[in-house]
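Note sheet for the following structure.
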Amino acid sequence: MTEKPQAPTGDAGMDQISEDLTKCAMVIEHAIDHLLEENHPPLSVASALLGGSLGLLSRTMDRETILRILDSAVQSVGSGDLEDAEKARRAGSA
């Protein structure tokens with residue numbers, strides 16, 4: 001069985017990840033906006049993105065790393081972080 005790549009470590013690696021994450025997030029947000037403007041239901045858009053994300057994770061990371069990512073997402077939902085981020089986003093675009 002082949003090893004799946006792990007995220008780089010160290011400050012330089014984290015800076016690159018942060019820059020890449022920002023660029024990817026902008027592209028994804030644009031795609032979401034486009035799909036919603038085309039009147040695709042939000043649940044369909046979100047489900048497709050989640051399914052695609054899980055597929056990418058399974059091709060590029062080991063199971064334990066994926067579980068840590070998913071656990072972090074569950075914790076964010078449970079703590080209300082996602083709602084707080086959405087409120088801040090809406091306040092910034094007003």
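For Glu86, the salt bridge (charged side-chain N to carboxylate O under 4.0 Å, His left out) criterion is met by Arg89, Arg90, not counting sequence neighbours. By the side-chain contact (heavy atoms from CB on, under 4.5 Å) test, His34 pairs with Glu38, sequence neighbours left out.
Other residues sharing a hydrophobic cluster with Val27 under the 4.5 Å side-chain heavy-atom criterion for ILVMFWY residues do not exist; the residue is a singleton.
Side-chain N or O atoms of Ser44 include none that pairs as donor or acceptor with a backbone N or O of His40 at under 3.5 Å.
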In a table with atom names and distances, give each donor-acceptor pair under 3.5 Å that connects a side chain of residues 46-54 to protein atoms at least two apart or in another chain.
{"residue": "Ser47", "atom": "OG", "partner": "Leu43", "partner atom": "O", "Å": "2.8"}
{"residue": "Ser53", "atom": "OG", "partner": "Leu49", "partner atom": "O", "Å": "2.8"}

Tell me which donor-acceptor pairs under 3.5 Å the side chains of residues 69-83 have, and how far apart each pair is, sequence neighbours excluded?
{"residue": "Ser76", "atom": "OG", "partner": "Ser72", "partner atom": "O", "Å": "3.2"}
{"residue": "Ser79", "atom": "OG", "partner": "Gln75", "partner atom": "O", "Å": "3.1"}
{"residue": "Ser79", "atom": "OG", "partner": "Ser76", "partner atom": "O", "Å": "3.3"}
{"residue": "Ser79", "atom": "OG", "partner": "Asp81", "partner atom": "N", "Å": "3.4"}
{"residue": "Ser79", "atom": "OG", "partner": "Asp81", "partner atom": "OD1", "Å": "3.2"}
{"residue": "Ser79", "atom": "OG", "partner": "Asp81", "partner atom": "OD2", "Å": "3.1"}

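Put simply, CG on Leu36 and CG on Asp33 are 6.5 Å apart, with the number rounded to the nearest 0.5 Å.
Listed by first then second residue, pairs satisfying salt bridge (charged side-chain N to carboxylate O under 4.0 Å, His left out) with a partner in residues 17-32 read Glu19-Lys23, not counting sequence neighbours.
Side chain to side chain, Ser18 and Asp15 fail the donor-acceptor criterion of an N or O pair below 3.5 Å.
Leu35 and Ile28 end up in the same hydrophobic cluster when Ile, Leu, Val, Met, Phe, Trp and Tyr side chains are linked at under 4.5 Å.
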